[in-house]
Colleague: 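Shown below is the structure under consideration.
Chain letters run A, B, ... following the sequence lines, proteins first and then strands; every chain starts at 1.
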Amino acid sequence: MPELPEVECVRQGIVDALLGQRIVKVWSHGTGNLLDPNSLPLRRMEGCELRAVARRGKYLLWNLGDLQFLAHLGMSGVWQVAGERTKHTHLELTFSTGQCLRYTDPRQFGYMCLTTAAETLPRWEQLGPDAISAQWNAAHLFAHATRSRTPIKVFLLDQHQVAGIGNIYASEALFGAHVHPARIAQSLTQLECQHIVKAAKAVMRMSIRKRGTTFSDYRLTNGKGGSFQGFLKVFQKVGTPCPNCHAPIQQMVQVGRSTFFCAKCQK
DNA sequence: CGGGCGTCCTGTTCGC
DNA sequence: TGCGAACAGGACGCCC
């Protein structure tokens, strides 16, 4: 479940290994479910130089000069410079130095789209402000939350409101802010919005420092896992004592997704 | 237009 | 022990 911190670490891994290099060969397999119907054939990347990789929320946007490449890891997508081709490898990009960047995605929830640089990308442009950017702040959250009757946990998962927060960090952020996940967004005070933004940014920045959260699928481009799973306070910790008050952590389901929280600390 | 739910997919976990 | 059912999750699209 790569969220903002994991995608940022992948971005850094790709940039560190491959920036400025030219793609000399493209191999793809079984990309039918992953590739946008409007995408150019991925072979068109051959000959392009990787000039920059931007991230907004959970999306990566590759600057390939005349072309651009938008990619999302879904929940099991992995970009690796290390490793070998497996049965779930969907794309291999060979670079001028001989290095090979592979995309594997067993559950095929990922997304990729290659277009000309001038093309508009609705998935990218319709995203809310990136969750660790200055554009997402207490004033922004309060202004938008007051218009929504959605529970705050569900609101934070809406990428059109704020980009990058997924199931793990939504639970962790609300725990850090002492706000109950079922609270209706429009009932939040300005101070609570401030606490949520502060807690969300703190937990995601710390996760980036720990190279992300690896439960099973997520891997860095070097094939290694992150270590933030060792620092989670509530996510997937049903029944364990709350780090603050020692009451057992609880689990609830909102719109089909699990939320973890402390009923005593979060109001 | 907001909000709720079904859909895609497959590895893992659960229950009989 | 083994097998099939249920489950998980991001984002879109459909529906009211």
Side-chain angles (χ1 to χ4, degrees), chain A residues 1-8 10-11 28-39 55-61 70-79 86-91 103-113 120-131 141 143-173 181-188 200 204 207 212-219 225-226 228-229 232 234-239 251-260:
Chain A
M1 318 154 226
E3 304 179 24
L4 186 155
E6 290 76 28
V7 177
E8 175 59 19
V10 169
R11 188 191 73 79
S28 68
H29 176 260
T31 52
N33 295 318
L34 301 164
L35 203 57
D36 189 293
N38 296 317
S39 174
R55 182 193 58 73
R56 185 158 168 192
K58 308 173 196 173
Y59 284 88
L60 292 178
L61 183 59
L70 184 64
H72 190 295
L73 298 173
M75 66 173 290
S76 62
V78 170
W79 284 105
T86 68
K87 68 168 175 173
H88 294 300
T89 301
H90 298 291
L91 180 63
Y103 182 71
T104 59
D105 191 350
R107 266 164 268 190
Q108 298 175 46
F109 270 34
Y111 170 84
M112 40 185 70
C113 184
T120 54
L121 300 165
R123 282 191 183 229
W124 175 265
E125 277 147 31
Q126 289 170 20
L127 290 171
D130 187 77
L141 174 58
H144 289 78
T146 49
R147 298 177 208 153
S148 173
R149 293 173 198 166
T150 305
I152 184 60
K153 158 70 174 1
V154 179
F155 182 92
L156 291 175
L157 291 181
D158 184 348
Q159 304 300 300
H160 305 288
Q161 298 293 347
V162 51
I165 301 176
N167 216 32
I168 297 174
Y169 299 103
S171 283
E172 294 294 319
R183 282 282 301 282
I184 299 304
Q186 65 181 9
S187 78
L188 295 171
M204 288 189 284
S207 180
T213 300
T214 296
F215 278 118
S216 54
D217 295 312
Y218 166 67
R219 288 285 179 276
F228 194 68
Q229 63 277 11
L232 296 172
V234 294
F235 187 75
Q236 291 201 347
K237 294 200 176 291
V238 188
Q251 177 177 11
M252 68 189 294
V253 174
Q254 297 173 290
V255 222
R257 259 125 202 111
S258 286
T259 304
F260 303 85

Colleague: How far apart are the closest heavy atoms of Ala163(A) and Gly128(A), and which atoms are they?
Modeller: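 Between these two residues, the closest heavy atoms are CB-O, 3.5 Å.
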Colleague: Would you please confirm or rule out a distance under 4.0 Å between OP1 or OP2 of dT10(B) and any side-chain N or O of His88(A)?
Modeller: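 No, because none of the side-chain N or O atoms of His88(A) sits under 4.0 Å from OP1 or OP2 of dT10(B).
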Colleague: To the side chain of His72(A), which of dG10(C), dC12(C), dG9(C) is closest?
Modeller: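 Comparing dG10(C), dC12(C), dG9(C) against the side chain of His72(A), the answer is dG10(C).
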Colleague: Select base, sugar-phosphate, or nothing to describe what Phe215(A) touches, counting heavy atoms under 4.0 Å on all strands.
Modeller: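 Touches nothing.
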Colleague: Are Arg123(A) and Tyr111(A) in a cation-pi setup, meaning NZ or CZ lies under 6.0 angstrom from the ring centre and within 45 degrees of the ring axis?
Modeller: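 Yes, Arg123(A) lies over the aromatic ring of Tyr111(A).
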Colleague: Quick one: Gln236(A) CD to dC7(C) C1', roughly how many Å, whole number?
Modeller: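 Computing the Gln236(A):CD to dC7(C):C1' distance gives 12 Å.
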Colleague: Using whole Å, report how far CZ of Arg219(A) lies from P of dG11(B).
Modeller: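 Taking CZ of Arg219(A) and P of dG11(B), I get 15 Å after rounding.
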Colleague: Would Phe228(A) and Tyr218(A) satisfy ring pair (Phe, Tyr, Trp, His ring centres under 6.0 Å), going step by step from the backbone distance to the final call?
Modeller: CA-CA 12 Å; Phe228(A) 194 68; Tyr218(A) 166 67; over 10 Å; no
Colleague: Which value, rounded to the nearest 0.5 Å, describes the distance between Arg55(A) atom CZ and Leu61(A) atom CG?
Modeller: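 CG of Leu61(A) is found 12.0 Å from CZ of Arg55(A).
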Colleague: Calculate the interatomic distance between Leu34(A) atom CG and dC9(B) atom P; express it in whole Å.
Modeller: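 Taking CG of Leu34(A) and P of dC9(B), I get 10 Å after rounding.
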Colleague: OP1 or OP2 of dG9(C) less than 4.0 angstrom from a side-chain nitrogen or oxygen of Lys58(A), does that happen here?
Modeller: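 No, no such contact exists.
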Colleague: Whole-Å distance between dC12(C) C1' and Asn38(A) CG?
Modeller: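 Between C1' of dC12(C) and CG of Asn38(A): 14 Å.
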Colleague: Starting from C1' on dG3(B), measure out to CD on Gln186(A) and report it in whole angstrom.
Modeller: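 Going from Gln186(A) (CD) to dG3(B) (C1'), I get 13 Å.
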Colleague: Let me know the distance between CG of Asp105(A) and C1' of dG11(B), rounded to the nearest Å.
Modeller: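 Answer to the nearest Å: 12 Å.
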Colleague: Mind running a 4.0 Å heavy-atom check of residues 143-164 of chain A against DNA chain B and sending the residues that fall below it, in number order?
Modeller: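 By residue number: Ser148(A), Arg149(A), Thr150(A).
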Colleague: Is a donor on one side and an acceptor on the other found under 3.5 Å between the side chain of Arg56(A) and the backbone of Leu127(A)?
Modeller: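 Checking the backbone N and O of Leu127(A) against the side chain of Arg56(A), a donor-acceptor pair under 3.5 Å is found.
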Colleague: Can you measure Phe109(A) atom CZ to dC7(C) atom P for me and round it to whole angstrom units?
Modeller: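 Those two atoms, CZ and P, are 15 Å apart.
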Colleague: Any idea which heavy atoms bring Ile165(A) and Ala170(A) closest together, and the distance?
Modeller: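 Taking Ile165(A) first and Ala170(A) second, the nearest heavy atoms are CG2-N, 3.6 Å.
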Colleague: Could you tell me whether the side chain of His88(A) reaches within less than 4.5 Å of the side chain of Asp105(A), counting heavy atoms only?
Modeller: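 Of all side-chain heavy-atom pairs linking His88(A) with Asp105(A), none is under 4.5 Å.
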Colleague: Side-chain N or O of Asn33(A) less than 4.0 angstrom from OP1 or OP2 on dC8(B)?
Modeller: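 Indeed not, no polar side-chain atom of Asn33(A) lies that close.
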Colleague: Atom CZ of Arg257(A) and atom C1' of dG6(B): how far apart are they, to the nearest Å?
Modeller: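 For the pair Arg257(A) CZ and dG6(B) C1', the rounded distance is 11 Å.
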Colleague: Which one, dG11(B), dG9(C), dG10(C), comes nearest to the side chain of Glu3(A)?
Modeller: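 The answer is dG10(C).
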